[in-house]
Amino acid sequence: MASRKAGTRSKAAAKRAQRGSSNVFSMFEQSQIQEFKEAFSCIDQNRDGIITKSDLKETYCQLGKMNVKDEELDEMLKEGKGPINFTVFLALFGEKLNGTDPEESILNAFKLFDPNGTGHVNKDEFKHLLLTQADKFTPEEVEQMFAVTPIDVAGNIDYKSLCYIITHGDEKEE
């Protein structure tokens with residue numbers, strides 16, 4: 001009887017784990033999951049399916065940062081609350097990105113500043129709004145944003161492309 005109860009508990013735990021991981025995968029589009037898989041593979045230097053301190057250290061070395069402190073690496077690994085396999089890796093990114101609005105919501109917000117439906121907003125007008133309205137940006141934050149923002153020669157922002165960058169990342173990072 002006790003072994004049957006233990007078996008039932010482990011099956012229930014497995015189902016909960018499966019549900020938890022399936023929720024993680026539903027947070028992202030398939031293309032995003034593929035990008036995360038590629039990133040995970042780059043970090044998992046020994047290809048054992050788990051990101052370890054030595055994997056992180058080697059990744060930093062390949063990026064030219066040779067003097068990463070063990071404490072810093074330990075702090076990164078603690079965020080996983082256990083071994084960091086791909087599902088945990090994805091969950092960590094899901095937690096970090098959870099505050100991002102869906103692309104459609106961001107597009108609708110930009111459309112308020114584009115009554116003619118051109119797909120563009122003027123850079124200078126947009127900069128003024130960012131610096132003076134609601135959750136005001138600092139000048140440095142505006143410049144950081146403009147560094148990845150598609151702006152044409154007339155000084156107009158292609159906000160559809162910007163929305164994609166906000167929700168999927170900068171294409172130039174590849």
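- The two residues I106 and C163 have their closest heavy-atom pair at CG2-SG, 3.3 Å.
- Counting only distance, with no hydrogens or angles, the side chain of T149 and the backbone of I151 share no donor-acceptor pair below 3.5 Å.
- A salt bridge between K57 and D70 is present, with a side-chain N of the basic residue lying under 4.0 Å from a carboxylate O of the acidic one.
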- Task: For M145 and L130, run side-chain contact (heavy atoms from CB on, under 4.5 Å): C-alpha distance rounded to whole Å, both residues' side-chain angles, the deciding distance at 0.1 Å, then the answer.
- Result: CA-CA 11 Å; M145 187 199 72; L130 291 173; 3.6 Å; yes

- Apply side-chain contact (heavy atoms from CB on, under 4.5 Å) to K127 and E143, showing your working. CA-CA 9 Å; K127 180 177 182 176; E143 291 310 312; 3.4 Å; yes

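- When side chains are defined from C-beta on, K123 does not count as touching H128, because their heavy atoms never get closer than 4.5 Å.
- Checked against a 6.0 Å centroid threshold, the rings of F110 and F126 count as neighbours.
- One hydrophobic cluster, built from ILVMFWY side chains closer than 4.5 Å, holds both V68 and I43.
- The nearest pair of heavy atoms linking L112 to P115 is O-CD, 4.5 Å.
- In this structure, the separation between NZ on K136 and CG on L129 is 12.0 Å, given to the nearest 0.5 Å.
- The CD atom of E79 lies 7.5 Å from the NZ atom of K81; values are rounded to the nearest 0.5 Å.
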- Message: Go through it in stages, so that I can follow the logic: the residues are S54 and Q45, the test is side chain to side chain donor-acceptor pair (under 3.5 Å), and I'd like the CA-CA distance, side-chain angles, deciding distance and then a yes or no.
- Response: CA-CA 8 Å; S54 64; Q45 298 287 316; over 6 Å; no

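- L131 and F137 get closest at one heavy-atom pair: CD2-O, 3.4 Å.
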- Item | Residue pair L92, I84: steps toward the side-chain contact (heavy atoms from CB on, under 4.5 Å) verdict | CA-CA 9 Å; L92 289 170; I84 300 179; 4.3 Å; yes

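- Between the side chain of N122 and the backbone N or O of D124 there is at least one donor-acceptor pair closer than 3.5 Å.
- The nearest pair of heavy atoms linking Y60 to M76 is OH-CE, 2.8 Å.
- Using a 4.5 Å heavy-atom cutoff, the side chains of L90 and F40 are not in contact.
- Separation of atoms CG (D48) and CG (D55) is listed at 6.0 Å; rounding is to 0.5 Å.
- Rounded to the nearest 0.5 Å, atoms SG (C61) and CG (L56) are 11.0 Å apart.
- With rounding to the nearest 0.5 Å, the separation of CG in L77 from CD1 in I51 is 8.5 Å.
- The closest donor-acceptor contact from the side chain of E38 to the backbone of E35 lies at 3.5 Å or more, if one exists at all.
- Annotation for F113 and V121: closest pair O-CG1, 3.7 Å, computed over non-hydrogen atoms.
- When all heavy atoms are compared, the tightest approach of T59 to C42 is OG1-O, 3.9 Å.
- Under a hydrophobic-cluster definition in which Ile, Leu, Val, Met, Phe, Trp and Tyr are linked whenever side-chain heavy atoms come within less than 4.5 Å, directly or via other members, I50 and F86 are assigned to different clusters.
- Side-chain contact check for N108 and S105: no donor-acceptor pair (N or O, by modelled atom type) lies under 3.5 Å.
- Ring-centre distance between F89 and F93: below the 6.0 Å cut-off.
- Ion pair E72/K53 not flagged as a salt bridge, since none of the NZ, NE, NH1 or NH2 atoms sits closer than 4.0 Å to an Asp/Glu carboxylate oxygen.
- Atom NZ of K69 sits about 8.5 Å away from atom CG of N67, to the nearest 0.5 Å.
- The shortest side-chain heavy-atom distance between I157 and L162 falls under the 4.5 Å cut-off.
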